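The structure appears right after this line, and notes come after that.
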Amino acid sequence: MSQAEEPPSAQQVDPTERLDLLLRDLRSSRSGLSSREAARRLIHYGPNELRRRGGRRWPRELARQFTHPLALLLWVAAALAGTAGITTVAVAIVIVILINAAFAFAQEIQAERAVEALAAYLPVQARVLRDGRPQTIPASGLVPGDVLLLEEGDRISADARLIDGGIEVDLSMLTGEAVPVFRSAESVDTQVPLLQARDLVFSGTMCTEGQACGVIFASGMRTELGRIAALSERVEREESPLERQVRKVAWLIAVIAVATGAAFIPLATFGAHLPLPDAVVFAVGLLVGNVPEGLLPVITLALALGVRGLVRRGAVVKRLSAVETLGSTSVICTDKTGTLTENRMRVTTVWTTAGTYDPENAGDARTGDRALGDLTAVISACNNVQRDDRGTLHGDPTEVAMLGAAELLTPAGYTRRKGTRLRQFHFDPVLKRMSTVDDRDGGVWVDTKGAPEAVLPLCEAVMEGGRTLPLSSERRRDVERVVDQQARQGLRVLAVATRPLGAHEPAPRRREDVERDLTLLGLVAMHDPPRPEVAEAVAHCHAAGIRVIVVTGDHALTAAAIARQVGIVGDDPVVVSGERLDRMSEDELDALLREHRQVVFARSSPEAKLRITDALRAEGHVVAMTGDGVNDAPALRRADIGVAMGRTGTDVAREAATMVLTDDNFATIVAAVRSGRQAYDNIRKFICYIFAHTTPEIVPLLVFALAGGAVPLPLTVLQLLAFDVGTETLPALALGREPAEPGLMRRPPRRRSENVIRASMLLRAWLFLGVICAVLSMSGFFFVLLQAGWRPGAPTGPGSPLHHAYLQATTMTFFGMLTGQIGTAFAARTDRASLRSVGVLSNPLLLWGIAFELLLAAVLIYTPPFQALLGTAALTPGMLAFAAPFPLIVWGADEARRWLLRRHER
């Protein structure tokens, strides 16, 4: 190529066209590129890497913490304090903002790594032909036109068209098919999807056998792997239900704070004739009092503790808000193999026209069945399993199971000499069969095994009674009835057939010349048993109103049978094949999912998973979707909860998912849903607990404003901040660890639109618990002042005789709020049930939290540095005794309220 010529565009190249035309379009040859030409193309195409778009995200995430509605209110309060010259208060509020933002940011910066995980599939180095000779170069330096050299064990570094040789390739990362497929330069396919073309190989897949070389036609983000990476990035993560609700609550608080300030500031300045500095103090206190500073950190901490608990259950959750989302899950779309089943193949029966055999209990009945002897010979020959020095079989689980069964079923007295393989036609997922040509047992045989629907049409005869008889229509129907019967039992069925070649007939080179005129020997049925704990987990889902849908690549009858065995569906489920789903419009799919609760999707593609997820979410469902392959990444990202398999899943699926199962077990998903519901209930408990303190925080300010200066400020702004940030956090966090209440998994799922805060919660927090706490704390304030001889309007400022009593009175307000807070903590532990039913001492973390806040209160009240900072003063034993009953009064009043509610509901 001359320097004036541009490198070929990836969009202009058709990798399935004739090889000489492809090499012409790529401006390459069988000897590859020169180093100088490759360097020029590298500048044009860029490195062979998968790149994340959009740049860094953490600055935006950090900025979001400072612009949250609650943070904005605090910024306003700090600005007001700074304008009025109250520097200490302004600095304290800014510190609170910084602490909250830093803590929330540290918890929420869970950057998604799907594209980086995809990049892990690219090897560090690759072998190419450069300057006419093999060279090892960094994989990132590959460009279209390079000739890539491949051999067993290599990770393929770019999309390429084979030009020589043949290899087996593990395409499971792209197709989900676990069985390696054969790719050869001799197999030329046109007018087929790229992934099915037998002469193409793709970036990120693994060469498991053979040697070949191919010309690269796509690199980097232009590869199939890059296309999936781009698709994953286009599927943006949406806010979880909890994130949306907290944001709504924050705006609600902001509106209330602004409205309250707008209503009372004129009243304080004009009606009560307060000086401007006092009015500003009032405004700052009003804003700070309305903002629950501990809300976001406590929610974050509670969710983090929930994440730790799920890890012990076998579920690793990568995003904190996902814990709550799990609790609102209404649909679980689950795979079958490995999730509902044990992923452990075992041959249960072998059928011939002479009878059915159990490999482990066949006994002497197998001796006289010639078809059985020939069947075991074919299984042993048409098999790629390897045996190590200790006799252990290694290879594809299906082939391992079949070979083990064949050895158990070998007829007594039969000695099989080792055969020689003359030719192999690898398992083809499209054709669904595998064939070999073998020199064995004194002759040359074609040996075939595969799906019955793929093998039976190639059979002209059947082995019956030791003779080869024509496979008549009636005999064919009999075989098909056996296949259907076994598939309905949840068994995977393979047909086994053979054909002898003539003594001087050469081994055919073309597949179609080999796989014809076969004689059916029998059927092999295998079972992957359901996990024993799955049925109970499914029953819990049904009791909880959670819908379970099976989405699998397996045969329809097998998938339906397994779903029936574990209780997901009944006797008459709706089974939708991949072909039928592809023909469905979006409206038809929506109607199907809306009208039929018991649905099994079989032979499903990754794109089908994405369609199903979108359809369910459009109906308002919160969807959990399982997946394990690279091609599942878009669906895992789209679902509210993407669940990846930790044992069998790919790195890409694990990174794209929200939750990773370390045991690949469906029951773990249900346990996570239970934990999510528990976490949501507990979040509501501590939100009620935190909101209950808004009223006692605002009432002192209102008393101060409405009294027009006749009553001194009962609580300083710094004392209010100390109460919000210092004393209430640990008890609130302890409420996040409350044990699950009875009947948790017998409630229907929450609707996506359901608010985390209900009107009943606000009435209980603000107008019941809050009012009681406010009355008690203000009674403590006036008790101290009146005991010291104070009268309305008497001076209490520095230098006045009542100043020390005033400091004790504000401290008493602070301590009264704290003791009322203890009673609120016990009251908030249950919504309807009596505290006795869950146990007064059943939450030791709450007891430790209360002990901590009492200790912290002692430090704030009795140590000189904090007395100087907060304006507190030491309380006398009499004052402490006055406040001691406050917790019992608050809890007792709410216990009586709950008793009345339970009585009314009977």
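As the structure is a prediction and not an experimental result, all values here were calculated from the model.
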How many angstroms lie between atom [atom1] of [X] and atom [atom2] of [Y], to the nearest 0.5 angstrom?
X      : Y      : atom1 : atom2 : value
His596 : Ile549 : NE2   : CD1   : 12.0 Å
Glu224 : Thr205 : CD    : OG1   : 11.0 Å
Thr436 : Leu422 : OG1   : CG    : 9.0 Å
Met434 : Leu494 : CE    : CG    : 11.5 Å
Thr613 : Met625 : OG1   : CE    : 3.0 Å
Arg227 : Leu194 : CZ    : CG    : 9.0 Å

Judged by atom type as modelled, is there a donor-acceptor pair below 3.5 Å linking the side chain of [X] to the main-chain atoms of [Y]?
X      : Y      : value
Arg370 : Gly466 : yes
Arg346 : Met526 : no
Thr668 : Ala315 : no
Arg423 : Pro508 : yes
Thr376 : Gly373 : yes
Gln598 : Gly570 : yes
Arg183 : Leu162 : no
Lys609 : Thr626 : yes
Arg580 : Ser577 : no
Gln565 : Gln489 : yes

What I'd like to find out is whether the side chain of [X] reaches to under 4.5 Å of the side chain of [Y], using heavy atoms alone.
X      : Y      : result
Val479 : Pro452 : no
Val566 : Pro530 : yes
Leu200 : Asp159 : no
Thr356 : Val350 : no
Thr334 : Leu340 : yes
Ile332 : Cys541 : yes
Val331 : Ile546 : no
Arg198 : Val181 : no

[X] to [Y] - nearest heavy-atom pair and separation:
X      : Y      : result
Ala667 : Glu533 : CB-CG, 3.6 Å
Met463 : Asp374 : CE-OD2, 3.6 Å
Leu581 : Ala608 : CD2-CB, 3.3 Å
Gly490 : Ala561 : N-CB, 3.0 Å
Leu589 : Met584 : CA-SD, 4.2 Å
Asn665 : Val534 : OD1-CG2, 4.1 Å

Look at Asp528 together with Arg492 and state whether they make a salt bridge at an N to O cut-off of under 4.0 Å.
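No.
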Salt bridge or not for Glu480 and Arg477, using N-O below 4.0 Å?
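Not counted as a salt bridge, because no side-chain N and carboxylate O are separated by less than 4.0 Å.
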For Leu557, all residues meeting side chain to side chain contact (heavy atoms under 4.5 Å, CB included), sequence neighbours excluded:
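Listed in chain order: Asp484, Ala487, Arg488, His555.
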Side chain to side chain contact (heavy atoms under 4.5 Å, CB included) involving His542 - partner list, sequence neighbours excluded
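Partners of His542 by the side chain to side chain contact (heavy atoms under 4.5 Å, CB included) criterion, ordered by chain and then number, come out as Val538.
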Carefully, step by step, assess Phe601 and Val550 under the rule side-chain contact (heavy atoms from CB on, under 4.5 Å).
CA-CA 6 Å; Phe601 291 93; Val550 177; over 6 Å; no
Taking [atom1] in [X] as the centre, count heavy atoms belonging to other residues, nucleotides or ligands within less than 6.0 Å. Is the count above 12?
X      : atom1 : value
Glu474 : CD    : no
Glu588 : CD    : yes
Glu579 : CD    : no
Arg481 : CZ    : yes

Any chance you could lay out the side-chain contact (heavy atoms from CB on, under 4.5 Å) test for Phe202 and Leu195, step after step, and finish with the verdict?
CA-CA 8 Å; Phe202 300 95; Leu195 290 178; 3.7 Å; yes
Apply side-chain contact (heavy atoms from CB on, under 4.5 Å) to residues Val576 and Val600 and explain how you reach the verdict.
CA-CA 6 Å; Val576 181; Val600 174; over 6 Å; no
Can you pull out every side-chain hydrogen bond (donor to acceptor under 3.5 Å, both in side chains) where at least one residue sits in residues 443-464? Sequence neighbours excluded, please.
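Every side-chain hydrogen bond (donor to acceptor under 3.5 Å, both in side chains) pair that includes a residue of residues 443-464, provided the two are not neighbours, is Glu399-Lys449, Ser435-Thr448, Arg440-Asp447, Asp447-Thr498, Glu464-Arg475.
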For Phe425, ring-ring contact (aromatic ring centres under 6.0 Å, His included) partners two or more places apart:
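Checked Phe425 against ring-ring contact (aromatic ring centres under 6.0 Å, His included); zero matches.
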Is there a side-chain contact (heavy atoms from CB on, under 4.5 Å) between Asp438 and Thr420? Walk through the geometry before answering.
CA-CA 6 Å; Asp438 303 293; Thr420 301; over 6 Å; no
Where at least one partner belongs to residues 563-578, residue pairs that pass salt bridge (Lys or Arg N to Asp or Glu O under 4.0 Å), sequence neighbours excluded
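Residue pairs with at least one partner in residues 563-578: there are none.
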For Thr353, check side-chain hydrogen bond (donor to acceptor under 3.5 Å, both in side chains) against everything at least two apart and list the hits.
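Result, side-chain hydrogen bond (donor to acceptor under 3.5 Å, both in side chains) vs Thr353: none returned.
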